[in-house]
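Worksheet for the structure shown next.
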Amino acid sequence: MTLPQGLLTDPFLQLPTPTSVKVVWFTEFAGYKHMIDYGENLTQTVFATTSKLTRTREDQQSRVGKQTQDGEVYQYPVKRQIWRHEAEVNNLTAGNRISYRVTSVREDGESFSSNVFSLAPNPIPGKPLKILLTSDHQIKPMVAANLQKVVETIGQVDAVWFAGDLANIPDRASEWFDDNRGGAFFPCLQGRAHYEMAYNDQKTIYTGGAIIQYAPIFTCIGNHEVMGRFAKEGSLNGEFNDTIPRTAALNLYGEASLKENSFNTDTYEEIFTLPQSMEGGKTYYAVSFGDVRLVVLYATNMWRYISSDAGHKGKYSEPEAKLTNPENWGYGQHIYEPIAKGSKQYNWLVQELNSSEFKQAKYKVVMLHHPPHTLGDNIIPAYTDPVQIIERDEDDNIKAVRYEYPKQADYIIRDVLPLLEAAGVQLVFFGHSHLWNRFCSSSGMHFIETSNVGNSYGAAYGDKQRKNLPPWHSQDYVAIGDPYGLEPVMPTIAPILDEKGQAMPYIASNDITVFSIFDTGTGTVSSYRFDTRKPDGEVIKFDEFKIVSG
């Protein structure tokens, strides 16, 4: 599906209510008129409000336009001018889907219109829905194939739940809109991707799926939605990796420029119109959608390299060359938004779990980025504030800075999960480790991680150990299995076999991609796999489980 000239994206749907839904699209011109035509014969019109993205840039690592190698066009970050248009379609009737298209008029009077799509308001309780569970797209190799197979297999879904890591570098505009490798975020979710995959000299072009033109998307913040200290590094990659905790930034720079000198989610928040909480704004919220109460948490931390030997700011230590200047420390895998007991987010969660909207919902689901239970690497170290240990010599000079993460202080396990268990949450959905696996607690609460869209890092199962352990031995860092004692659930229909012919309770592959669908009509979560090495092969449903309604 070709994008009409002049539009940077097709329209996509946001924030449905029982009688309305918002429509958003982007252009690279401010224009003087942007509107939606909708209804029978598209005879009704509503005008959009326009805003400008404030931090979108391209740099030497962008793959956009004529730049196919580092530094061909851009030698440093350069501002990219992008405008966002949003209009609300009102007076809708539940269950009634209507046609719409968007039009933008450029300053010279030339107009550009999208194709015609359809929209609907928030579904009423009792209506069966099919909801796509996905995460960790990040320009990964199998995203376009994955989403194309969603549409070919399921048809039109009713919503998308996205458990974080939408793009790779959130301020790099082309990763959202027009990366020239053909797999940017919006093209993949709008059926306009052009991603080539080759196997045994057979090349296949995948286009993704036209999904979010018809279905609202609800997202949460992962570590790849967070940018670091603004413009202190010479590339967007460097800036992304340059986050420090707000407490450290306050000591180093003061209150006036705290966000600029620590981290921000500005581009993510400017792109999406999401439900909001009074305490967390768009960063954590709850929303009712049909029979579901979806609770979205802001639970992610900075991902760091294992070792600091190559000068990286490490998970477990600071590089030796930077020991004398705390401004250049990374402060370990620091947490972005507190969620421990007593924090603002924790108190909000307690209030939400006691709300009538939550208690009355048939299905109670929590979405976050960081895994509570997984076979993946990224659950190590524990989700807790790094304990900084500074070693000094006899002259009080710093000779080492290292970090410990006590397993018993994992905030998700210690503080959050007991709340969810007590409140009757049936499903916890997350990403981050780029694989598929699932678990079930003794109370019957299900956990699913369905983020295998390319660039998998494997699974710690059998004799395969995690790769991100510290150089010292400690029971705080578990090498194999789920660190918190749950056994993975074997797929119920068609598990993949390992080289010994044994069934595996996970999929961690750079050839086989996975997606999952929550069907609220039957209360089932079904997972499907597709082998990209066999472009003409079938999509296989390999697992299904049923959620007991509350």
Side-chain angles (χ1 to χ4, degrees), residues 133 135 163 299 365-384 405 407-422 424-452 456-469 474-509 512 514 516 518 523-529 540-548:
L133 311 181
S135 72
V365 181
V366 169
M367 179 169 71
L368 70 164
H369 184 64
H370 194 88
H373 297 285
T374 184
L375 300 175
D377 276 6
N378 285 337
I379 199 170
I380 297 294
Y383 194 79
T384 190
Y405 304 81
K407 182 183 167 189
Q408 72 274 14
D410 187 299
Y411 300 140
I412 295 174
I413 299 296
R414 187 191 72 188
D415 298 339
V416 175
L417 290 192
L419 289 181
L420 307 188
E421 294 269 6
V425 169
Q426 299 120 318
L427 177 66
V428 181
F429 165 49
F430 50 95
H432 197 36
S433 285
H434 299 205
L435 50 70
W436 180 95
N437 56 179
R438 71 176 180 91
F439 301 82
C440 189
S441 72
S442 59
S443 72
M445 186 162 70
H446 295 275
F447 300 85
I448 187 167
E449 179 174 14
T450 177
S451 56
N452 200 144
S456 181
Y457 309 118
Y461 186 75
D463 58 358
K464 297 177 182 177
Q465 295 193 6
R466 289 188 171 86
K467 307 175 187 70
N468 59 350
L469 306 177
S474 170
Q475 293 182 346
D476 287 329
Y477 312 99
V478 178
I480 297 175
D482 170 51
Y484 301 102
L486 285 189
E487 288 296 321
V489 178
M490 192 66 69
T492 56
I493 301 173
I496 292 178
L497 306 182
D498 65 14
E499 59 274 8
K500 298 178 182 178
Q502 300 297 311
M504 298 192 299
Y506 66 90
I507 296 179
S509 172
I512 299 170
V514 173
S516 300
F518 176 28
T524 55
V525 177
S526 304
S527 293
Y528 302 78
R529 56 180 163 92
I540 298 171
K541 183 194 290 190
F542 69 92
D543 181 68
E544 190 167 87
F545 64 94
K546 192 174 181 66
I547 295 173
V548 178

ask   = Say you draw a straight line from CD1 of I496 to CD1 of I512; how long is it, rounded to the nearest 0.5 Å?
value = 3.5 Å

query = How would you list all residue pairs meeting salt bridge (charged side-chain N to carboxylate O under 4.0 Å, His left out) that involve residues 369-378, not counting sequence neighbours?
reply = none

Parallel, tilted or perpendicular: ring planes of H432 versus H370, cut at 30 and 60 degrees = tilted

task = Evaluate the side-chain proximity of E449 to L435: yes if any heavy-atom separation is below 4.5 Å, no if none is.
result = yes

M504 and P495, any side-chain heavy atoms less than 4.5 Å apart = no

query = Between Y506 and Y461, how do the two ring planes meet: parallel, tilted or perpendicular, split at 30° and 60°?
reply = perpendicular

query = Under a 4.5 Å cut-off applied to non-hydrogen side-chain atoms, are Y484 and L417 in contact?
reply = no

query = Between atom OG of S442 and atom CG of L486, what is the distance when rounded to the nearest 0.5 Å?
reply = 8.0 Å

Residue pair I448 / F545, side-chain heavy-atom distance below 4.5 Å = yes

remark   = Correct closest heavy-atom pair for V428 and M445 would be CG2-SD, 4.0 Å

key: Pairing residues for P418 by the side chain to side chain contact (heavy atoms under 4.5 Å, CB included) criterion, not counting sequence neighbours   = none

ask   = Is there a donor-acceptor pair under 3.5 Å between the side chain of D482 and the backbone N or O of E487?
value = no

task = Any chance you could lay out the side chain to side chain contact (heavy atoms under 4.5 Å, CB included) test for F429 and V525, step after step, and finish with the verdict?
result = CA-CA 11 Å; F429 165 49; V525 177; over 6 Å; no

key: N437 versus G376, closest heavy-atom pair with distance   = OD1-N, 4.4 Å

note = When rounded to the nearest 0.5 Å, the distance separating CG of N452 from OG of S433 is 11.0 Å

inquiry  = The criterion is salt bridge (Lys or Arg N to Asp or Glu O under 4.0 Å); which residues satisfy it with D410, sequence neighbours excluded?
reply    = none

key: Shortest non-hydrogen separation from A163 to L368 and the atoms involved   = CB-O, 3.8 Å

message = Test: side-chain hydrogen bond (donor to acceptor under 3.5 Å, both in side chains). Region: residues 493-503. Which pairs qualify, not counting sequence neighbours?
response = none

query = Are any side-chain N or O atoms of H434 and backbone N or O atoms of S451, one a donor and one an acceptor, separated by less than 3.5 Å?
reply = no

query = Should W436 and F542 count as side-chain neighbours, where that means a heavy-atom distance under 4.5 Å?
reply = yes

task = Indicate the atoms forming the closest heavy-atom contact of A494 with K541, along with that distance.
result = CB-O, 4.2 Å

ask   = Do L375 and F439 come within less than 4.5 Å of each other through their side chains, counting heavy atoms only?
value = yes

Separation of S526 OG from K546 NZ (nearest 0.5 Å) = 10.0 Å

remark   = Closest non-hydrogen atoms of P372 and I412, given as atom of the first, atom of the second and distance, are CB-CG2, 3.9 Å

Chi angles and distances behind the side chain to side chain contact (heavy atoms under 4.5 Å, CB included) call for V489, H446 = CA-CA 10 Å; V489 178; H446 295 275; over 6 Å; no

inquiry  = I need the I380 CD1 to T374 OG1 distance, nearest 0.5 Å.
reply    = 10.0 Å

key: Closest non-hydrogen atom pair, A409 against T384   = O-OG1, 3.0 Å

key: Any donor-acceptor N/O pair, R414 side chain to K407 backbone, under 3.5 Å   = no

inquiry  = Between S135 and F430, is there a side-chain heavy-atom distance shorter than 4.5 Å?
reply    = no

message = I'd like to check T492 versus D543 (side-chain heavy atoms, cut-off strictly below 4.5 Å). Are they in contact?
response = yes

Heavy atoms of other groups near Q408 CD, more than 12 under 6.0 Å = yes

note = By salt bridge (Lys or Arg N to Asp or Glu O under 4.0 Å), K467 pairs with (sequence neighbours left out) none

note = Sequence neighbours excluded, the answer for salt bridge (Lys or Arg N to Asp or Glu O under 4.0 Å) partners of R529 is none

ask   = Taking atom CG of L469 and atom CG of D476, what is their separation to the nearest 0.5 Å?
value = 11.5 Å

